[in-house]
Amino acid sequence: MEPSAWQTKLSSFKERHLYAYNKSLFCDVELSVIDANGDKVTIPAHKYVLAISSPVFEAMFYGESAETGRTNDVPDCTKEGLQEMLRYFYSDEVNLTESNVLEVLYLAERYMLPFLKEKCEEYIKNKLKPEDVFHVLHPPQIRNEKVEQKCWDMVDSDAERAVSSESFLNVSREMLCEVLGRDTMSIDEVVLFQAVEKWALNKLKEQGLEESMENKRAVLGEEVIKLIRFPLMLQKKFAENVLPSGILTLDEVTELIRFFNKIVPLSASFSNAKRGKYEVVVPNARFKSIAAPSSGLHYWAYSSRSDAIDFKVNKPLFLAGVRLFGAKGCTYVVTLALYKSAQPITQLSSTFPTEDNQTDGYYGFNIYLDELVSTEAGAVYTIKATISGPPSYYGHLGKASIAFNDILITYLDSKIPSYGTTSKLGQFPTVVLKR
């Protein structure tokens, strides 16, 4: 029983409207839909509210062939998506997330809700990040070509962030194959392999199976394995990252070793076609020596002060991100800022877990900029990071310049006050470039 005179306690029509909906008061229709468990459930509503919100519902309840039954099916959507549409009907508000935006957009189009559609498209344009795209692409029953193309464009331009996300672990095998088959995706093949291996381990965990080499190969399947372009890897990286996984057969390893050593393989199981519109360039670390956080009395600790380094390149390139030192099993909160000649360009803040495996003898992590930053030859750029977290690895005996093929990066002491990082010591082992 509702409290007596509840209407007198709510000052606005919107509040009374929403209260009646949330409490299922005076409802004259029920919408039948499938919930997250696959069960059919009903949501009470009001025909009048539905009709004044959507011409489709107006025709359904008040048209010449109006529905007379109390319960009406709402096909091709979930309870969660329908509830967001109804929230919009009753309050003019909607809580969009990467998980529900495609479904709400579908409902907005189906029920002719142009202003809700506009909110969904604005969310996708301004708030969707590479880490979110597989939440959007995952529901197979809902298709929107425009949104899907935007998601795939984000995968192509920032593939590492996309495939390193939690949402990637839950994609179907069919979606995994679609990702691996893309020629337009800019990513280091070793990073892509590591993401695929994590996907396999997640599937084994879901199925309660042992994390053995045989089970990893079995859960991946031949099609997935053949889509990984192992010939694009450096032989050293292949030996460090792929061989210990045990997913390749002896014949496959032999084929790849022959390829790496420029001996014509007896078969060609794997493509060596380059991926991507951009070539990803991760130069070698700028330090001759790297120290672990437990080395003697020396360690790299963090406070409210910032680390900073200046750099310049010898030709026009794109800065995609920065690599930082971390420590095994640790997470860091980082505010990263980029400057050109002391003028701010971009800034981001987030939490970053250290990678599971060592790279070049240390544990670290990449921070990717939201957009590529064009760098001019000879211009001085500053990377500044305010880091919160446990002591990390750090570098010393820094090199003034790092050559990588035809690219030369010169590191300089920053003119911005720095906690301790210099061209010879500290953070920022390398940068991530694209060209």
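Not measured: the values here are computed from a predicted model.
- Every ring-ring contact (aromatic ring centres under 6.0 Å, His included) that Phe365 has, sequence neighbours left out, goes to Tyr332, Phe352.
- In this structure Arg217 satisfies the salt bridge (Lys or Arg N to Asp or Glu O under 4.0 Å) test together with Glu222, Glu252, sequence neighbours excluded.
- Remark: Cys27 SG to Ile43 CD1 distance equals 11.0 Å, nearest 0.5 Å.
- Checked by atom type and distance alone, the side chain of Thr354 pairs as donor or acceptor with a backbone atom of Cys330 at under 3.5 Å.
- In terms of modelled atom types and a separation under 3.5 Å, the side chain of Lys384 and the main chain of Ser414 share no donor-acceptor contact.
- Checked against the 6.0 Å centroid criterion, the rings of Tyr381 and Tyr339 do not qualify as a close aromatic pair.
- Taking Lys315 as the reference, Asp406 meet the salt bridge (Lys or Arg N to Asp or Glu O under 4.0 Å) condition, with sequence neighbours excluded.
- Salt-bridge annotation for Arg70 and Asp28: absent, with no side-chain N of the basic residue lying under 4.0 Å from a carboxylate O of the acidic one.
- Within a 6.0 Å radius of CD in Glu166, no more than 12 heavy atoms belonging to other residues, nucleotides or ligands are found.
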When the side chains of residues 117-130 are checked against the rest of the protein, which donor-acceptor pairs come out under 3.5 Å, sequence neighbours left out?
| from | atom 1 | to | atom 2 | distance (Å) |
| --- | --- | --- | --- | --- |
| Tyr123 | OH | Glu98 | N | 3.2 |
| Asn126 | ND2 | Glu122 | O | 3.4 |

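- Residues Arg286 and Ile409 fail the side-chain proximity criterion, which asks for heavy atoms closer than 4.5 Å.
- Considering only residues two or more places apart in sequence or on other chains, Phe428 meets the ring-ring contact (aromatic ring centres under 6.0 Å, His included) condition with none of them.
- Contacts classified as salt bridge (charged side-chain N to carboxylate O under 4.0 Å, His left out) and involving residues 367-376 (residues at least two apart or in different chains) are given here: Arg161-Asp370, Lys340-Glu376.
- Checking side-chain atoms of Arg16 against main-chain N and O of Leu10 turns up a donor-acceptor pair under 3.5 Å.
- Residues Thr331 and Pro353 share a closest heavy-atom pair of OG1-CA, 3.9 Å.
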Set out, in order, the CA-CA distance, both residues' side-chain angles and the distance that settles side chain to side chain contact (heavy atoms under 4.5 Å, CB included) for Asn284 and Thr430, then state yes or no.
CA-CA 7 Å; Asn284 296 328; Thr430 189; over 6 Å; no
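- None of Lys274, Arg229, Arg275 except one satisfies the salt bridge (Lys or Arg N to Asp or Glu O under 4.0 Å) rule with Asp183; the exception is Arg229.
- A distance-only check finds a donor-acceptor pair linking the side chain of Glu103 to the backbone of Thr78 [under 3.5 Å].
- Judged purely by atom type and a 3.5 angstrom limit, Asn215 has no side-chain atom pairing as donor or acceptor with the backbone of Glu211.
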Give every donor-acceptor pair under 3.5 Å between a side-chain atom in residues 167-174 and any protein atom, sequence neighbours left out.
| from | atom 1 | to | atom 2 | distance (Å) |
| --- | --- | --- | --- | --- |
| Ser167 | OG | Glu131 | O | 3.2 |
| Ser167 | OG | Ser165 | OG | 3.0 |
| Ser172 | OG | Met175 | N | 3.1 |
| Arg173 | NE | Leu220 | O | 3.2 |
| Arg173 | NH2 | Val219 | O | 2.1 |

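- Other residues, nucleotides and ligands contribute at most 12 non-hydrogen atoms within 6.0 Å of the CD atom of Glu223.
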Side chain to side chain contact (heavy atoms under 4.5 Å, CB included), that's the test. Do Ile387 and Val333 meet it? Break it down for me.
CA-CA 6 Å; Ile387 305 169; Val333 178; over 6 Å; no
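- With sequence neighbours excluded, the residues that form a side-chain contact (heavy atoms from CB on, under 4.5 Å) with Arg110 are Pro75, Asp76, Tyr106.
- With sequence neighbours excluded, no residue forms a side-chain hydrogen bond (donor to acceptor under 3.5 Å, both in side chains) with Thr8.
- In this model, no donor atom of one side chain and acceptor atom of the other lie less than 3.5 Å apart for Glu84 and Asn95.
- Here the side chains of Tyr88 and Phe115 are in contact, with some heavy-atom distance below 4.5 Å.
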Is there a side chain to side chain contact (heavy atoms under 4.5 Å, CB included) between Val431 and Leu319 once you walk through the steps?
CA-CA 7 Å; Val431 292; Leu319 180 67; 3.9 Å; yes
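- Gln207 places no side-chain N or O within donor-acceptor distance of the main-chain N or O of Leu204, the cut-off being under 3.5 Å.
- For the atom pair CD (Glu189) and CG (Asn272), the distance works out to 11.0 Å, reported to the nearest 0.5 Å.
- In this structure, CG in Asp35 is found 9.5 Å from CD in Gln83, a value given to the nearest 0.5 Å.
- The ring of Tyr19 has its center closer than 6.0 angstrom to the ring center of Trp6.
- The closest side-chain heavy-atom distance from Leu31 to Leu86 is below 4.5 Å.
- Taking NZ of Lys79 as the start and CG of Asp39 as the end, the distance is 10.0 Å to the nearest 0.5 Å.
- A donor and an acceptor atom, one from each side chain of Ser392 and Tyr363, are nowhere located under 3.5 Å apart.
- The shortest distance between side-chain heavy atoms of Asn366 and Glu160 falls below 4.5 Å.
- In this structure, the separation between CD1 on Ile34 and CG on Leu82 is 11.5 Å, given to the nearest 0.5 Å.
- With hydrogens and angles ignored, the 3.5 Å screen pairs a side-chain donor or acceptor of Asp188 with a backbone N or O of Val190.
- Summarising the geometry, atom CZ belonging to Phe193 is positioned 9.0 Å from atom CD1 belonging to Ile225; distances are rounded to the nearest 0.5 Å.
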Using distance only, find each side-chain donor-acceptor pair of residues 45-55 under 3.5 Å and give its atom names and separation, not counting sequence neighbours.
| from | atom 1 | to | atom 2 | distance (Å) |
| --- | --- | --- | --- | --- |
| His46 | ND1 | Tyr90 | OH | 2.6 |
| His46 | NE2 | Leu25 | O | 2.6 |
| Ser53 | OG | Val49 | O | 2.8 |
| Ser54 | OG | Val56 | N | 3.1 |
| Ser54 | OG | Phe57 | N | 3.3 |
| Ser54 | OG | Tyr111 | O | 2.7 |

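- Side-chain contact between Tyr302 and Ser388: absent, with no pair of heavy atoms (C-beta onward) separated by less than 4.5 Å.
- Between Lys14 and Asp92 there is no side-chain heavy-atom pair separated by less than 4.5 Å.
- Partners of Glu58 under the salt bridge (Lys or Arg N to Asp or Glu O under 4.0 Å) rule, at least two apart in sequence or in another chain, do not exist in this structure.
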What verdict does the side chain to side chain contact (heavy atoms under 4.5 Å, CB included) test give for Val373 and Leu369, after you've listed the backbone C-alpha separation in whole Å, the side-chain angles of each residue and the deciding distance to 0.1 Å?
CA-CA 8 Å; Val373 172; Leu369 306 177; 3.6 Å; yes
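- Qualifying side-chain hydrogen bond (donor to acceptor under 3.5 Å, both in side chains) partners for Asn22, counting only residues two or more places apart in sequence or in other chains: none.
- Using a 4.5 Å cut-off on side-chain heavy atoms (C-beta onward), Phe404 and Leu433 make no contact.
- A donor-acceptor contact shorter than 3.5 Å links the side chain of Lys216 to the backbone of Ser245.
- For the 3.5 Å distance criterion, the side chains of Tyr393 and Gln427 fail to qualify, holding no donor opposite an acceptor.
- Counting only heavy atoms from C-beta outward, the side chains of Phe134 and Leu137 approach each other to under 4.5 Å.
- No hydrogens or angles considered: nothing links the side chains of Thr335 and Gln347 as a donor-acceptor pair under 3.5 Å.
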